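Remarks on the structure that follows.
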Amino acid sequence: MPSFRGLKLPGFKDETLVDRFLYVAHPPAIATIPLLQHKGAPAKPIVKTGDKVLLGQKIAASVGEGSAAVHASVSGEVIAIGPFPHPHLGVAEAIQIKNDGLEMPVGAVPDKDPAKRVDDELMRIVEEAGLVDLNEEGEPLAAKLKKARASGVRTLIVNACESEPFITALHVMMVAKSSEIIRGILLAEKLSGATKVIVAIEDNKLDALEVLGSRLYGFNAARSSAGRALGPAVPRGRRGAKEIELKRLPVKYPQGDPAVLVSTLTGCSLDKARDPLTQGVLVLDMATCFALCEAVYSGKPLYERVVTVSGQSVARPKNLLVRIGTSLENVLAECAGILRSPLRVLVGGPMRGTAQAGLSAPITKQTSALLSLSTEVEYPSTPAPCIRCGACAEVCPAELEPAILTLAAEQDEFEIVRDFHISQCIECGNCTYICPSKRPMSSLLKYAKAGRL
Amino acid sequence: MSQILFVSPPHLRASDSAFKRMLIWNLSLLPIALGALTAFGLRAFLIMLMSVAGSALGEIFVRSMLKRKWVLPDGKAMYIGLLSSFLFSPYLSPWASFWSTFLATAVAQECFGGKGASIFHPALVAFAFSQIFSSASPVAPSGNAFLFQMAEQTDLHINVRDFLWGARSGALGETSLLMSLAGGAILLNKRMISPWPPLLFLGSVLGASLLIHVNPSAELLVGSTMLAAFYIVTDYETSPIHRYGKYAYAVLCGFSIVMLRHASGQPEAALYGLLILNGFAPLFDEWLGRLRTQKQHA
Amino acid sequence: MSGLGVYERRNNMPENHPFYPLLFFLLSALLAFKVIRLSANRAARYVLAWQLVCIAIPSAALAWVQTVSLGKNFPALGASGIFTAFFLITEAAAAALCLYWFIFRKRWKEYEKRNQMILYALLLSVLTALAFWGGDFKAEIWLWSERFFIAVVFYFLFTPMLISLVWRTSLCPVPKILKGEPMLMISTGLLALGLLGLSRIF
């Protein structure tokens with residue numbers, strides 16, 4: 001397996017996983033559910049202020065390509081539809097629901113044997129459930145699976161690598177919900193038409209490896225002994241994968257980035273790996289597989305997700321199953337609040353996450369973590385000069401020369417920036433991490449990318 | 001919530017800092033400084049002092065003129081001052097060493113944009129200026145005659161110990177090999193430099209000397225070879241950024257040192273060659289940066 | 001034989017001092033700098049590459065032939081006349097190629113910078129030709145080719161270095177007034193310093 005240039009960042013060690021339990025957060029008193037939690041246009045509300053909604057009821061419909069439906073994460077009354085804080089956009093349109101505490105679910109139809117259903121029916125369920133890629137991209141899952149099928153995808157890669165340090169959500173999910181995850185993987189395999197499934201997992205998650213490994217072993221044994229008929233969710237006669245492969249990868253940031261993962265597992269270049277479908281590969285987050293299983297097997301739309309709450313200033317770091325729309329303040333309260341004044345509150349990981357100006361924004365489908373860091377980080381007020389040590393070039397996974405790119409960006413030399421392949425930068429943040437002069441590399445690279453247009 | 005900072009990602013930083021690095025580089029110069037003091041005494045001390053002063057004042061002068069902030073003290077002036085003084089002849093007058101480093105810092109460093117931006121190594125430029133200023137014979141006399149005598153006779157037995165302990169004369173920093181190695185060892189230990197460029201440099205010195213039939217040990221042991229290996233070839237500012245650029249640059253430097261020493265008949269000419277090679281270093285960055293290997297485009 | 005002794009060393013003979021070609025080449029270098037700076041890199045490199053191919057390589061070959069095989073008995077004026085003529089022809093060819101490239105491959109009026117570039121390229125050619133023609137009247141053929149040889153070698157060295165310097169200076173964080181020509185002048189000055197030192201030694 002080709003290796004890439006990466007970094008062993010702090011926060012990846014197993015010790016950050018304080019608790020192996022998956023806690024369930026209390027449903028919030030008021031849920032603020034943004035209409036934009038996906039790649040395309042914001043969903044259109046189908047309820048009005050004053051309407052009573054049930055738990056899991058669809059409250060906004062998808063609008064065109066890239067859009068997805070939004071569901072109520074609590075039952076109660078719609079009290080407002082308007083602009084509210086958003087973790088990534090600052091302010092965005094959202095539907096606010098006041099929780100009546102009754103938790104009345106909309107009539108969900110659990111399905112014990114989805115094998116009986118045809119693919120089209122399953123796709124419709126996926127779409128109706130408002131499933132999206134549970135990472136920052138937020139591509140609607142139904143569209144993604146359809147595209148994958150249409151382009152003849154051969155390999156399904158399930159990304160069980162934590163995308164960033166400090167996040168342990170996937171680890172805990174694997175320990176707690178491994179059978180659901182496997183069901184979800186099989187569904188994804190069926191719907192995408194992949195013939196090979198690889199689960200990529202980091203090798204420091206020993207207990208998750210054990211649990212998942214033993215289940216998969218049992219599953220694979222059953223599959224191969226059943227001969228042609230492959231697995232419970234795949235109908236007879238259809239040739240699916242022989243077995244689900246578990247691939248152990250070293251802990252290195254940014255291993256969890258989908259492009260880097262595809263590049264590592266298939267050996268193709270990073271540039272090509274940014275559009276995995278051209279390589280016949282479909283990458284799905286493990287959390288997405290879990291949501292897929294819930295949607296099909298339990299009839300549950302996407303209204304809650306696992307979020308890691310961690311960081312030096314959180315009193316009790318945990319992995320929580322949180323309702324979408326819960327404010328960050330409430331989530332932190334679930335973790336016994338903040339120990340000391342944090343210097344940064346982030347939604348997402350420390351390398352790519354968005355810093356928050358306040359705690360009133362809600363958890364969305366894209367929120368994988370809430371971090372409250374209190375370590376001192378130098379942000380020099382004047383741009384520090386580049387000492388040309390070359391440390392950044394050593395850690396860039398795309399094998400670029402960030403020093404030159406940023407020097408050129410500072411001088412507005414966009415031709416140089418273009419010639420030096422800035423378009424291949426995946427904005428992982430490694431260069432900014434390692435720079436001894438503490439230069440704002442990521443910001444300069446983003447500026448360079450924008451200026452080159 | 002008392003203070004929440006709102007900044008752009010990433011939000012983690014390594015504990016390294018430019019100041020720390022500069023400190024380590026300065027630390028690694030200390031053994032050589034000791035060697036120079038032992039060999040030349042007060043004279044060396046004065047030259048080193050004046051060099052450092054010249055470097056600092058040069059920086060202050062140009063920055064004031066260009067209305068830029070002073071960034072003293074961050075160790076750079078001391079580094080350039082000391083390193084330049086190691087290249088000066090011990091017969092250089094202290095005032096000449098002051099003006100050499102003053103001009104070098106002012107022109108080669110500040111005019112190009114300050115620290116980290118100079119294309120030509122300020123210490124080498126200081127050396128070039130010192131050659132203009134020195135009214136006396138340009139380089140220390142006896143050591144070099146011996147060098148060439150030695151170089152011509154390929155099977156002369158060389159007293160390595162002499163070279164190691166600094167019994168040979170030469171410029172300030174070139175007398176004791178052991179001290180240069182000690183400095184290099186500090187740098188390697190603290191991971192300031194990769195071991196490959198110095199190794200490749202010494203390897204190419206060896207190769208080049210074999211190519212033109214001179215005594216390879218003489219080449220390696222004498223003069224500024226060791227100093228150059230650890231301080232000029234691996235210098236952050238003037239060597240390429242790309243990993244393979246650094247290697248190619250090291251090989252070229254080794255080659256040019258040997259060639260120029262023998263084309264000119266004086267070992268100090270090698271430093272001029274390195275000055276010119278400094279101009280070539282960006283070329284490696286440019287070529288390698290534009291190039292994408294087969295793997296990256298595959 | 002140790003070292004690169006193609007030529008003998010001299011003591012204090014001003015007309016023979018290799019500083020002359022160095023001076024002329026420095027001037028050419030400055031002009032080349034300006035040429036590259038004013039135009040898109042690729043085009044400038046094209047021009048300079050052609051100049052190299054048309055001038056440096058044949059000249060170096062001829063110089064070698066002349067010094068090594070023919071010796072000092074070759075009649076002075078005749079040989080240098082041949083050299084100069086050849087030189088001028090190759091320079092003219094290079095200039096013509098530039099003109100062709102820019103007139104017929106690109107539209108004349110569109111690229112004002114390119115016009116300047118062509119002008120400078122022509123000026124450069126004339127100047128270097130003068131350099132060698134000027135040397136003709138003073139020296140014996142041996143010295144002339146000696147100088148020529150050094151000059152050609154430096155020319156070879158200069159061009160890639162100039163390209164790299166131009167690129168690199170665009171990354172220097174200097175105030176806008178220092179950008180461009182002043183910065184490059186300083187760079188050339190430092191280069192000249194290095195060469196001065198070398199020429200003293202030679």
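These figures come from a predicted structure and were not determined experimentally. Labels below follow one simple rule: chain letters A, B, ... track the order of the sequence lines, proteins then strands, and each chain is numbered from 1.
The side-chain heavy atoms of Cys389(A) and Arg21(B), taken from C-beta on, include a pair separated by under 4.5 Å. Side-chain atoms of Thr432(A) and Arg13(B), non-hydrogen and from C-beta on, do get closer than 4.5 Å to each other. Considering only heavy atoms from C-beta on, Pro350(A) stays 4.5 Å or farther from Pro10(B) through its side chain.
Annotation: Lys446(A), atom NZ; neighbour count of heavy atoms from other residues, nucleotides and ligands within 6.0 Å is above 12. Counting non-hydrogen atoms of neighbouring residues, nucleotides and ligands closer than 6.0 angstrom, the OH atom of Tyr236(B) exceeds 12 such neighbours.
Sequence neighbours left out, the pairs with a member in residues 385-395 of chain A that pass salt bridge (charged side-chain N to carboxylate O under 4.0 Å, His left out) are Arg388(A)-Asp285(B), Glu394(A)-Arg243(B).
Lys438(A) NZ to Asp16(B) CG: the interatomic distance, rounded to the nearest 0.5 Å, is 6.0 Å.
By number of non-hydrogen pairs under 4.5 angstrom with chain B, the leading residue of Gly390(A), Cys435(A), Ser442(A), Pro436(A) is Pro436(A). Most heavy-atom pairs under 4.5 Å with chain A: of the set Ser239(B), Ala14(B), Ala18(B), this distinction falls to Ala14(B).
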Please lay out, stage by stage, how Asp419(A) and Glu286(B) fare under the test side-chain contact (heavy atoms from CB on, under 4.5 Å). CA-CA 9 Å; Asp419(A) 285 341; Glu286(B) 212 209 345; over 6 Å; no

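For Lys246(B), the part lying near chain A is the side chain, with the backbone staying farther off; criterion is any non-hydrogen pair under 4.5 Å. With a threshold of 4.5 angstrom between heavy atoms, Ile387(A) approaches chain B through its backbone and through its side chain.
Remark: Ala403(A) pairs with Cys386(A), Cys392(A), Ile241(B) by the side-chain contact (heavy atoms from CB on, under 4.5 Å) rule, at least two apart or across chains.
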